[in-house]
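Just below is one structure, and these are the notes that go with it.
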Amino acid sequence: MSFATVVDVLAGKVAVGEQVTVRGWVRTRRDSKAGISFINIHDGSCFDPIQAVVPNELDNYESEVLKLTTGASVAITGTVAESAGKGQAYELQATKVEVYGLVEDPDTYPMSPKPHSMEYLREYAHLRPRTNVTGAVMRVRNCLAQAVHRFFHERGYMWVSTPILTASDAEGAGEMFRVSTLDMMNLPLTEQGAVDYSKDFFGKESFLTVSGQLNVETFACALSKVYTFGPTFRAENSNTSRHLAEFWMVEPELAFADLNDIADLAEDMLKYCINAVLEERADDMAFFQQRIDKTVLDRLQQIVSNKFVHMDYSEAVEILQNCGKKFDYAVEWGTDLQSEHERYLAEEHVGAPIVLKNYPKDIKAFYMRQNDDGKTVAAMDILAPGIGEIIGGSAREERLDRLDARMQEMGLPMEHYSWYRDLRRYGTVPHAGFGLGFERLVTYVTGMTNIRDVIPFPRAPKNLEF
RNA sequence: UCCCCAGUAGCUCAGUUGGUUAGAGCGGUGGACUGUUAAUCCAUGUGUCGUUGGUUCGAAUCCAACCUGGGGAGCCA
């Protein structure tokens, strides 16, 4: 007996007439008094389920087959046949139905075969992978993740696993989650009455990382082309459809590179990943196009076939000031752009992803390379229509005197960054990198509206189930 | 964290100028029919009306606080 996945059978990889066993979960069962039941089985290998045609002559037809409901798990053995019905090229003429597990109360099985709201599905994060929408999201997510690794691998980048536990706030990127093994009911105190972290596990304060960037920079300054791809954590009290407390970030870092190099790298990477999804997950994308976002395929096609628009921050400010549109917040050189401004630029002015470059230094992080004008830094954001900032990057300040000056201006504790400063003291090189919020990419590519629906188990303020 | 909105059956929602027995569709179940596929047709049930407190003769309905969710904002990726 040989086993086959649903995708292999539906794709015709199993010859007609051959006997195989398919294992999975029941999506629907329809009975015909002509003496057969149609059972649709999904196993996650592709969007479509396979139809098994089950004759009532089977021994367990009455006792088990007729008890199969949505969610039951089965192994169905049968002969692959060209389907007599519409809707699928191949089906399984069942000769044996083995039941792993029935659904104990079909009436209250949470994933009933009907449309559910995304909010409802979120409450069943352990069962929602069985739904069309979550299954499709996770296949696309996987496709994107694999494409990220492939993209960098093909270009000679090395994947560096940067640490999750850290001592320093990398860039003031956000509030950090504290990690501690101290007894919270009985905290050791210093003579001054502060918590004595020298008694803690690491002998000092420790946190979950907010970014792998500073760590990965050290490897860029030795291995030249590197990236990190892993989870990051922000303890911000952000309650939006675009933020998570735990999310994955792709952060390439490239030595001997400037801002334009990584802007191009970012554009190439996005196009590569989107092309991968269009090629490998056409079935899932057809579903998103039909049920989730009627514009998603057009949008993705446009991205892969057009050059991104580059624009300096200063130019964007001028455009916003002269566009004649009324904004809730005034646009002024030197302030950060508001969501409404970013949305206008990406959605109305350009209608495609836009690369904004050379921001005022005062609204950006300390490590960003200072431009010769004395006012701006070599930073860039890529803004995507419908979702806003999807990528943020910069050239890094490689000149020690400039870096120190900036850190002093911003009041950063120099001693925490000694190793970071060493990179500038010993054989410094120009380098640049960016960060891509992976879930934002998945959101954008699928057309989903809430980022909590594109990660298996979303973590957000007041939300840590499962 | 701020502003706005919502929370009633397994799910999606209607209802309520405070008043006996709380409504529909879908799902489930039973039946009919059918190479069906969001099947169709007939029958059928279901409720701490988010939680706690208050006002009242009486609260699902009014008020307050809280919890949870949604939309927007801020922070960012």
Side-chain angles (χ1 to χ4, degrees), chain A residues 27-41 48-55 66-67 69-71 81-88 91 93 103-124 132 170-175 210-213 231-251 266 290-291 327-329 336-340 342-343 363-365 381-384 387-393 434-444 449-452 455 460-463 465:
Chain A
R27 179 143 285 144
T28 57
R29 188 194 94 227
R30 296 174 297 281
D31 304 320
S32 166
K33 280 297 176 292
I36 49 179
S37 289
F38 301 100
I39 301 177
N40 281 2
I41 308 297
D48 289 317
I50 188 169
Q51 172 165 284
V53 184
V54 182
L66 288 183
K67 289 191 179 129
T69 57
T70 305
E82 286 178 19
S83 180
K86 293 173 194 141
Q88 62 278 318
E91 64 188 14
Q93 297 287 348
V103 168
E104 69 174 28
D105 181 5
D107 189 32
T108 56
Y109 177 57
M111 298 295 109
S112 59
K114 65 184 287 299
H116 293 290
S117 66
M118 294 311 299
E119 297 79 45
Y120 172 78
L121 293 180
R122 230 169 275 152
E123 295 173 28
Y124 294 91
N132 278 333
E171 41 171 311
E175 290 295 309
V210 294
S211 162
Q213 180 200 315
T232 50
F233 308 86
R234 306 269 169 100
E236 299 286 348
N237 192 7
S238 295
N239 294 287
T240 79
S241 54
R242 306 178 303 282
H243 291 86
L244 291 164
E246 176 181 313
F247 65 99
W248 284 59
M249 201 148 51
V250 180
E251 297 175 286
Q290 195 192 344
R291 294 291 178 89
F327 294 111
D328 292 340
Y329 293 85
D336 218 347
L337 298 181
Q338 305 288 312
S339 289
E340 55 176 346
E342 295 184 343
R343 217 174 311 135
I363 58 173
K364 289 293 181 183
D381 283 352
I382 297 185
L383 312 176
I387 188 167
E389 185 180 340
I390 191 168
I391 283 179
F434 66 82
L436 163 76
F438 185 62
E439 283 75 17
R440 287 196 178 168
L441 177 64
V442 181
T443 304
Y444 186 70
T449 53
N450 196 313
I451 200 165
R452 299 179 191 197
I455 188 167
K462 301 290 188 302
N463 200 326
E465 296 299 315

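By convention in this document, chain letters (A, B, ...) are assigned in the order of the sequence lines, proteins followed by strands, and residues within each chain are numbered from 1.
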Below 3.5 Å between N/O atoms, which protein atoms pair up with nucleotides 32-36 of chain B? Just atom names and distances, please.
| unit_1 | atom_1 | unit_2 | atom_2 | d |
| --- | --- | --- | --- | --- |
| B:rU34 | N3 | A:D31 | O | 2.9 |
| B:rU34 | O4 | A:D31 | O | 2.2 |
| B:rU34 | O4 | A:S32 | N | 2.9 |
| B:rU34 | O4 | A:K33 | N | 2.7 |
| B:rG35 | O6 | A:Q93 | NE2 | 3.1 |
| B:rG35 | N1 | A:E91 | OE1 | 3.4 |
| B:rG35 | N1 | A:E91 | OE2 | 2.5 |
| B:rG35 | N2 | A:Q51 | NE2 | 2.9 |
| B:rG35 | N2 | A:S83 | OG | 3.3 |
| B:rG35 | N2 | A:E91 | OE1 | 2.2 |
| B:rG35 | N2 | A:E91 | OE2 | 3.1 |
| B:rU36 | O2' | A:R30 | NE | 3.0 |
| B:rU36 | O2 | A:R30 | NE | 2.9 |
| B:rU36 | O2 | A:R30 | NH2 | 2.7 |
| B:rU36 | O2 | A:Q51 | OE1 | 3.3 |
| B:rU36 | N3 | A:Q51 | OE1 | 2.7 |
| B:rU36 | N3 | A:Q51 | NE2 | 2.9 |
| B:rU36 | O4 | A:Q51 | NE2 | 2.7 |
| B:rU36 | O4 | A:Q88 | NE2 | 3.2 |

_From C-beta outward on A:N463, which listed nucleotide comes closest to its side chain: B:rG69, B:rU29, B:rA77?_
B:rG69
*asked:* Side chain of A:P106, heavy atoms from C-beta onward: which of B:rA77, B:rU29, B:rG69 has the nearest atom to it?
replied: B:rU29
*Does any donor-acceptor pair link the side chain of A:H243 with the base of B:rC76 at a separation under 3.5 Å?*
yes
*asked:* Can you tell me how far apart CD (A:E82) and CD (A:Q93) are? Round to the nearest 0.5 Å.
replied: 11.5 Å
*Check A:R29, A:Q51, A:Q88 against A:N40 for a side chain to side chain contact (heavy atoms under 4.5 Å, CB included) and give me the one that passes.*
A:Q51
*In whole angstrom, give the distance that lies between atom NZ of A:K67 and atom P of B:rG30.*
10 Å
*Taking C-beta and beyond as the side chain, do A:D381 and A:K364 meet within less than 4.5 Å on heavy atoms?*
yes
_Euclidean distance, atom CD of residue A:E119 to atom C1' of B:rG71 [Å, nearest integer]_ = 11 Å
*Kindly indicate whether the side chain of A:N450, heavy atoms from C-beta on, has any atom under 4.5 Å from the side chain of A:E119.*
no
*asked:* What stems show up for RNA chain B when you take Watson-Crick pairs (N1-N3 plus N6-O4 or O6-N4) and G-U wobbles (N1-O2, O6-N3), both under 3.5 Å, and require three or more consecutive pairs?
replied: B:1-7 with B:67-73, B:10-13 with B:23-26, B:28-32 with B:40-44, B:50-54 with B:62-66
*Which comes earlier along RNA chain B counting from the 5' end, the contact point of A:I391 or that of A:H116, where each point is its nearest nucleotide?*
A:H116
*Can you tell me how far C1' in B:rA60 sits from the matching atom in B:rU17, rounded to whole Å?*
16 Å
*P spacing across the pair B:rA38 / B:rA32, given as an integer number of angstrom*: 23 Å
_Side chain of A:R440 (C-beta onward), nearest among B:rU12, B:rA77, B:rA73_ = B:rA77
*Ring of A:F247 versus six-membered ring of B:rA77: centres under 5.5 Å and planes under 30°?*
yes
_CD1 on A:I391 to CZ on A:R440, rounded to 0.5 Å_ = 11.5 Å
_I'd like to check the salt bridge (charged side-chain N to carboxylate O under 4.0 Å, His left out) partners of A:R27; sequence neighbours left out, ordered by chain and number._
none
*Between B:rU61 and B:rC33, how far is it from one P atom to the other, in whole Å?*
49 Å
_Between A:R452 and A:S241 (side chain of the first, backbone of the second, donor and acceptor by atom type, cut-off under 3.5 Å), is there such a pair?_
no
_Distance check needed: B:rA73 P versus A:Y329 OH, whole Å only._
9 Å
*Return yes if a side-chain donor-acceptor contact under 3.5 Å exists between A:E251 and A:S211, otherwise no.*
yes
*asked:* What is the distance, to the nearest angstrom, from the CG atom on A:D336 to the C1' atom on B:rA73?
replied: 14 Å
*On a whole-Å scale, what distance lies between the C1' atoms belonging to B:rC63 and B:rC26?*
36 Å
*If we take the P atom in both B:rA6 and B:rG15, what is their distance in whole Å?*
12 Å
_Less than 3.5 Å apart, any donor N or O on the side chain of A:T28 or A:R30 sitting next to an acceptor on the other?_
yes
*Which part of the nucleic acid, if any, lies within reach of A:T70 when heavy atoms closer than 4.0 Å are counted: base, sugar-phosphate only, or nothing?*
nothing
Look for any protein N or O under 3.5 Å of an N or O in nucleotides 1-10 of chain B and output each such pair with its distance, or none.
| unit_1 | atom_1 | unit_2 | atom_2 | d |
| --- | --- | --- | --- | --- |
| B:rU1 | OP1 | A:N237 | ND2 | 2.6 |
| B:rU1 | O5' | A:N237 | ND2 | 3.4 |
| B:rU1 | O4 | A:N237 | O | 3.4 |
| B:rU1 | O4 | A:N239 | N | 3.3 |
| B:rU1 | O4 | A:N239 | ND2 | 2.8 |

*Specify the separation, in whole Å, of atom CG of A:L66 and atom C1' of B:rG30.*
13 Å
*Which nucleotide sits closest to the side chain of A:Q338: B:rC11, B:rU12, B:rA73?*
B:rA73
*asked:* Whole angstroms only, please: what is the CZ-C1' distance between A:R452 and B:rG70?
replied: 10 Å
*Between A:V54 and A:I36, is any pair of side-chain heavy atoms under 4.5 Å apart?*
no
*asked:* Going by salt bridge (charged side-chain N to carboxylate O under 4.0 Å, His left out), name the residues that satisfy it together with A:R242, two or more places apart in sequence or in a different chain.
replied: none
*If you measure from CD on A:Q213 to OG1 on A:T232, what distance do you get to the nearest 0.5 Å?*
12.0 Å
*Rounded distance in Å between the P positions of B:rC5 and B:rC11*: 25 Å
*Could you measure between the two C1' atoms, the one in B:rU20 and the one in B:rA39, and give it in whole Å?*
43 Å
*Who passes salt bridge (charged side-chain N to carboxylate O under 4.0 Å, His left out) against A:E439, sequence neighbours left out?*
A:R141
*On a whole-Å scale, what distance lies between the P atoms belonging to B:rG47 and B:rU21?*
14 Å
*Interatomic distance where CZ belongs to A:R242 and P belongs to B:rA77 [whole Å]*: 13 Å
_What contact category does A:L441 fall into here, base, sugar-phosphate, or nothing, at under 4.0 angstrom with non-hydrogen atoms?_
nothing
*Take atom CZ of A:R343 and atom C1' of B:rA73, then tell me their distance rounded to the nearest Å.*
10 Å
*What's the spacing between A:I451 CD1 and A:L244 CG if we round to 0.5 Å?*
4.5 Å
